[in-house]
Every structure is written in C-alpha cells, then in structure tokens.
Enquirer: 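Submitted below is the structure of interest, expressed as structure tokens.
Note that these values count all heavy atoms, side chains included, but never hydrogens, waters or copies made by symmetry.
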Amino acid sequence: MAFVEPFRIKIVEPLPNTTRDERLSLMLDTGYNPFQVPDRMVTLDLWTDSGASAMSNQQWAAMIESKEGSFVPDSYGKFKQTIQYLTGFPYILPVNQGRAAEHALFSILAKPGFTVFSNTLYSTTKTNAELVNAKTTQLPCTFVDGGLFNGNIDCEKLEEELARVELGNGMVVLTLTSNNQAGQPVSMANMKRASEICHDKGIRVFMDGCRFAENAYFIKIRDKTYANSSARDIALEMFSYFDGFYLSAKKDGLCNIGGLIAVRDGDLFATVRGRINRTVGKWRLGGMATRDLDAMAIGLLEGIEDSYLKYRIETLTQFGDLLKKAGVSVVEPVGSALYINAAKCLPHVPTHQYPAWALNCALFVEGGIRGTHGPNVLDVDDRNDRESHQHFLKLCIPRRAYTLSHLLFIADVFKQIIAKKERVSGMRIVGNGHYYQVEAAPVEAVLISV
C-alpha cells in the first residue's frame, strides 16, 4: 500500500513558473552557478533540507501565543522539559543554530594538541574545530554497496587513534545521520561500541544529532532487534551512550531556525552557559526570540513521531525508486538525502569537466530544479575515478514541503536529461573563489541542446 502524508495542506505558496529560455539566460547571467540563481526563480529547491521545513499549525499557534521580552520565559521551561523527556539529558541550552553549539563547545574544550575524531564531520563542524586550533580526524567505516549502516565510525581505527591521545586531549563526535557518507545512518551497536572505547580512554563522546530522529527510524526498519520499538524509545537508547549532544533544529526539529546543546556534566553546562550569555545573548534564549523555543519544542516532538518518520523515510525511498526507474545512478540504500553519481549519469563527461556541476546546471535548465554539488567538486583532475564523491550530486528534500507529484515531476526531468545525456556539456571553471560563488562555462557551445 502506498504511503499517505500524515497531514493536510493548510497554507500554500505559489511556485515560480519560468520558461526554459529564461532559465538558460539565468545560467549565463550567474556564471553557470545554480547557487547564484535568486530563490524566487527556482521552482523546486533541493539544495538543502535545513531550515526549509513546513511548520505545523501547532508550531505557528504556539509562536503567536508566546510572550516576548521575558527574563525567565515560560517557553524555556517547556523547552527544557521537552528535551529532557526526549533525551534524558539533565542540562539543556538553546542556541540559534547548530554551528553556534559547535563553536561554544569546541572553544571551551579545545586546548593545544586537542583532536576531534568523527565518523565524518559536517563542513562547519570541521571549520569550527580548526578555528580554535583543534585537529580533526575522520574515521568513516568502509562503505559497502547496499550496506545498512554505512554511516558508522571505524571502531578499530578509533581505538588505535585514542591509544595515542593524552587524557582529556580529544573528543569524539558521531554525526547522525552521516552527511559525508551519503546520508547513511549509524547503527546502535556502533554507537555503543564507540562509547565504550571513549569512556575506557576517558574521552568525551558527543552526538551531532541534526537527524537523530531519522537515524532512530532507520534503526527501527534496518535492525530487526528494534522492529517493535518506537523511534522515541530507540532515540532514548541512542542518547544514553553519549556525554552530550548538540543539534540544529532546522532538520529533524522541523523548524526554520534554532538548535541546542545538552550535557550530563553540570560544570561543563555552567561554563557553556556563561559563554553563551556573554557572546550570544540570554542563555535561556540562546540568541533567539522566545517564540522560537516554542516552535522547537513542538517540532522536536512532531519529528520523533513514528507516523511522521514513516512518511519521511518512505518518501525518500520512493523518490529513490522513481529516480532509478528514470535511469539515474542512486546510492543505495537511500539515506537521509538522495546522493546521485553524476559521473555515471553523464558517462561522456570527463571527470575533470565536473559532471556533478554539469548535471546540476542541466536540472535547472530543464526543470527549474536546484540540487547541491558539494564543496569538493572543484578538487578534480584527470585521475579521478567515476566513483569519487567529487562527482556526486545531492538532493535534499525539505520536510513536509513537497508532495509526491513534485517528486514525480523531478524524476520526469531526470528521465528527459538521461534520454539526451550526450547533449549535456561538461564544465570548465573560469574564475576563482568558493564553489558557491565561482563562475563556470560549458565546454561545448551550449550547456544542453534541445
């Protein structure tokens, strides 16, 4: 039986309706960089699922009823109780988003020679660690085709690395789910083993839990031990293996802004609280309006419901099936986003001509769709093989925002592109700078011929 969205739509937003000629012109005007296209000209925006969720009527109602300007707002009490209920952590601090939590923690814990170990670190996490002169070491498991928990950390390598770390001179961050491992989940056994290794060495272990609820549901459907457990109970066990966690509520919290830090150590809590109070704002608000705490508390409760997660994960899986039927090379099993091997979709484009970039441009021209070609897309040469992550295009699906008909349309656009893939030109870089800003141009006379 096909899944049913566990909600009905109450407010709608018109989608941009541009012509192919207009989109081709936009590509030329923006230096063939989809990230430079104004949002108002993008029909279906899949470059991120962060802060792009549709909030519920309960969230909006709570925000409207919230009282601003309070020194000890009721919203903080509700927020704290909700996080304690969901996670079991006693000490809770709100922040405006995940990277604020990263910076606060790393700036307090890091010292000369400090290392942050991880399955994989999100780009901002790595940057925030390096800003305070910490080293980063990523220890992803070996990626297995069709593997159920390809987001795991390599515990054998972790044990070897921690054996060389002085007491208290490192920490471990497990990212759930793992963005740089194709959005794949981490298994419960892997979390437990990593926690044991860390605690044997006197090393703190933290969870980057932006997609903790999705990770919990993946455990439910991929590990038969947990088949009859609720996602909330699975998440509670997950949290039990960590000394602390932080998250951006703009993902599984179903919010447009917000985040939090939670710890078990009262002394660490007091230090982080003082840092936030001095650098961000009143610690009970973490740099946000009171209304944002209400939206977060409700969104995190809605985001851990099994009915919602079933819809969310089945949507992603069904979208993957649609793309495969259209001839698209998709990383399987599908994780928290769709990862597409653009080099395989465009086999005629040499790897030094940026196949992921080319496919992203073609998607926009043909259907007004924007995905993400990652920051390492520029790091290519003639020797790159076609399985390299530089050539992967990521499609993030904003939560509760798009319907099945939108996904059918995207799959149809892909089908059209794959049918005439030889007409898609490779790209060459014609400027310098960050991949969000750098300009490119088609190697051929046109980007994609009709």
Enquirer: Who passes side chain to side chain contact (heavy atoms under 4.5 Å, CB included) against Arg23, sequence neighbours left out?
Expert: Thr18, Arg20, Phe364
Enquirer: Suppose we screen for ring pair (Phe, Tyr, Trp, His ring centres under 6.0 Å). Which residues come up paired with Tyr91, at least two apart in sequence or across chains?
Expert: Phe269
Enquirer: Listed by chain and number, what are the side chain to side chain donor-acceptor pair (under 3.5 Å) partners of Asp223, not counting sequence neighbours?
Expert: Thr225
Enquirer: With a sphere of 6.0 Å drawn around NZ of Lys220, does it hold more than 12 non-hydrogen atoms of other residues, nucleotides or ligands?
Expert: yes
Enquirer: Please tabulate, one pair per line, all N/O donor-acceptor pairs under 3.5 Å involving side-chain atoms of residues 287-304, not counting sequence neighbours.
Expert:
| unit_1 | atom_1 | unit_2 | atom_2 | d |
| --- | --- | --- | --- | --- |
| Thr290 | OG1 | Glu68 | OE1 | 3.2 |
| Asp292 | OD2 | Ala289 | N | 3.1 |
| Asp294 | OD1 | Ser75 | OG | 3.2 |
| Asp294 | OD2 | Ser66 | OG | 3.2 |
| Asp294 | OD2 | Ser75 | OG | 2.8 |
| Glu302 | OE1 | Ser56 | OG | 3.1 |
| Glu302 | OE1 | Arg400 | NH1 | 3.1 |
| Glu302 | OE1 | Arg400 | NH2 | 3.4 |
| Glu302 | OE2 | Ser56 | OG | 2.8 |

Enquirer: Using the benzene-type ring in the case of Trp, are the ring centres of Phe212 and Phe239 under 6.0 Å apart?
Expert: yes
Enquirer: Answer yes or no on whether Arg232 is positioned over the face of Tyr85, meaning its NZ or CZ is under 6.0 Å from the six-membered ring centre and within 45° of the axis.
Expert: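 The answer is yes, since Arg232 meets both limits relative to Tyr85.
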Enquirer: Which residue pairs pass the side chain to side chain donor-acceptor pair (under 3.5 Å) test with at least one member in residues 261-281, sequence neighbours excluded?
Expert: Ser107-Arg275, Arg204-Asp265
Enquirer: Give me each pair satisfying ring-ring contact (aromatic ring centres under 6.0 Å, His included) with a member in residues 274-307, each pair once, sequence neighbours excluded.
Expert: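 Counting only pairs at least two positions apart or across chains, the ring-ring contact (aromatic ring centres under 6.0 Å, His included) contacts touching residues 274-307 are Tyr76-Trp283.
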Enquirer: May I have all residue pairs that pass salt bridge (Lys or Arg N to Asp or Glu O under 4.0 Å) and include part of residues 405-414, sequence neighbours excluded?
Expert: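 Sorted pair list comes back empty.
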Enquirer: Is a side-chain N or O of His103 found less than 3.5 angstrom from the main chain of Ala100, in a donor-acceptor match?
Expert: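 Pair absent, no side-chain N/O of His103 close to backbone of Ala100.
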Enquirer: May I ask you to check whether over 12 heavy atoms, not counting those of Asn228, lie within 6.0 Å of atom CG?
Expert: no
Enquirer: Can you list everything that forms a side chain to side chain donor-acceptor pair (under 3.5 Å) with Tyr241? Sequence neighbours excluded, please.
Expert: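 Counting only residues at least two positions away or on another chain, Tyr241 forms a side chain to side chain donor-acceptor pair (under 3.5 Å) with Glu237.
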Enquirer: Report the residues that fulfil side chain to side chain donor-acceptor pair (under 3.5 Å) with Ser230, sequence neighbours left out, ordered by chain and then residue number.
Expert: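 Partners of Ser230 under the side chain to side chain donor-acceptor pair (under 3.5 Å) test: Asp233.
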Enquirer: Please enumerate all residues that pass side chain to side chain donor-acceptor pair (under 3.5 Å) together with Asp321, with sequence neighbours excluded.
Expert: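 Counting only residues at least two positions away or on another chain, Asp321 forms a side chain to side chain donor-acceptor pair (under 3.5 Å) with Lys324.
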Enquirer: Test of understanding: with salt bridge (charged side-chain N to carboxylate O under 4.0 Å, His left out), list the residues that count as partners of Glu196, not counting sequence neighbours.
Expert: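 Residues passing salt bridge (charged side-chain N to carboxylate O under 4.0 Å, His left out) with Glu196: Arg193.
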Enquirer: Could you tell me which residues satisfy side chain to side chain contact (heavy atoms under 4.5 Å, CB included) with Asn17, sequence neighbours excluded, listed by chain and number?
Expert: none
